Amino acid sequence: MSNKSVKMPNGGDEKINGASIFVIRELGEIEKEESRTSNSCIWGSSYRVYPTETVSDLISKFDDVKFAELTAPGGMLLLVNAAEVTDRDERSNLLDHENTGSVLCFGAGRLAPRVRVREKSDDLRVIWTKLGIPTDPFD
């Protein structure tokens with residue numbers, strides 16, 4: 001995958017490689033208040049950026065990435081780079097929101113980045129199969 005330019009606030013741009021993306025999502029309410037010119041969030045392997053481009057623009061731009069459309073526990077749409085998910089854990093009854101169905105990991109170890117989603121293992125298998133991505137993280 002090649003680097004692609006993403007438009008940032010104040011007229012700048014950021015070069016991002018699609019393989020380094022974990023999640024693309026809309027901004028939350030607090031983020032919208034903090035940056036009125038940003039429209040989305042890209043969370044990657046060692047960064048988090050807030051482009052002025054919309055989520056749909058970013059999906060078109062990163063058309064070589066296989067994004068799984070998943071749902072955050074609070075209901076927000078998350079576009080997860082399915083190829084970068086390495087493992088799936090059950091939710092923690094003590095720590096996670098009651099709507100969490102899975103905790104997806106990007107890497108190994110307890111410090112690996114994670115994202116919580118509503119979908120459970122069986123749902124994720126179906127989505128990954130439709131995308132043509134191996135379902136190994138769910139075994």
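These figures come from a predicted structure and were not determined experimentally.
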Does L79 share a hydrophobic cluster with V117, counting links as ILVMFWY side-chain heavy atoms below 4.5 Å and allowing steps through other members?
-> no
Among pairs that include at least one residue of residues 102-114, which meet side chain to side chain donor-acceptor pair (under 3.5 Å), considering only residues two or more places apart or in two chains?
-> R88-S102
Are Y47 and I24 connected in a single hydrophobic cluster, I mean Ile/Leu/Val/Met/Phe/Trp/Tyr linked by side-chain heavy atoms less than 4.5 Å apart?
-> yes
R25 versus C41: any side-chain heavy-atom pair under 4.5 Å?
-> yes
In Å, rounded to the nearest 0.5 Å, how long is the span from CG of N81 to CD1 of I21?
-> 7.0 Å
Would you check if the side chain of D123 reaches a backbone N or O of K120 as a donor-acceptor pair within less than 3.5 Å?
-> yes
Roughly how far, to the nearest 0.5 Å, is the CD atom of E31 from the OG atom of S40?
-> 10.0 Å
Correct closest heavy-atom pair for G107 and T86 would be N-OG1, 2.8 Å
dist I133:CD1 -> L124:CG (nearest 0.5 Å) comes out at 13.0 Å
Test item: E119 side-chain N/O and T71 main-chain N/O as donor-acceptor pair under 3.5 Å | yes
From CG (L78) to CD (E26), nearest 0.5 Å = 10.5 Å
Contacts of K4 that satisfy salt bridge (charged side-chain N to carboxylate O under 4.0 Å, His left out) - sequence neighbours left out | D63, D64
Is a donor on one side and an acceptor on the other found under 3.5 Å between the side chain of T100 and the backbone of H97?
-> yes
Taken in chain and number order and not counting sequence neighbours, the residues that satisfy salt bridge (charged side-chain N to carboxylate O under 4.0 Å, His left out) with E33 are none
The salt bridge (charged side-chain N to carboxylate O under 4.0 Å, His left out) partners of E69 (sequence neighbours excluded) come to none
Quick one: pull up CZ in R91 and CD in E98 and give me the separation to the nearest 0.5 Å.
-> 7.5 Å
Give the minimum heavy-atom separation between C105 and D89, together with the two atoms involved.
-> SG-OD2, 3.5 Å
With side chains defined as the heavy atoms from C-beta onward, is the minimum distance between D139 and R125 less than 4.5 Å?
-> yes
So, do L104 and L70 sit near enough that their side-chain heavy atoms are less than 4.5 Å apart?
-> yes
Count the heavy atoms of every other residue, nucleotide or ligand shown that sit under 6.0 Å from NZ of K61, and state whether that count exceeds 12.
-> yes
Would M8 and V55 show up in the same hydrophobic cluster when neighbours are defined by side-chain heavy atoms closer than 4.5 Å?
-> yes
When T52, D57, V49, I42 are each screened for side-chain contact (heavy atoms from CB on, under 4.5 Å) with V6, the one that passes is I42
Do N17 and S20 come close enough that some side-chain heavy atom pair is under 4.5 Å?
-> yes
Would V65 end up clustered with V80 when hydrophobic side chains under 4.5 Å apart are linked, directly or stepwise?
-> no
Ring pair (Phe, Tyr, Trp, His ring centres under 6.0 Å) with F22: which residues, sequence neighbours excluded?
-> W43, F106
Of all heavy-atom pairs between L27 and S35, which one has the smallest distance, and what is that distance?
-> CD1-O, 4.3 Å
Heavy atoms of L131 and K66 approach each other most closely as O-NZ, 3.0 Å
Calculate, to the nearest 0.5 Å, the distance between atoms CG and CD1 belonging to N3 and I16 respectively.
-> 9.0 Å
With sequence neighbours left out, what residues match F138 under ring pair (Phe, Tyr, Trp, His ring centres under 6.0 Å)?
-> W128
Check step by step if side chain to side chain donor-acceptor pair (under 3.5 Å) holds for T37 and Y50.
-> CA-CA 9 Å; T37 58; Y50 298 89; over 6 Å; no
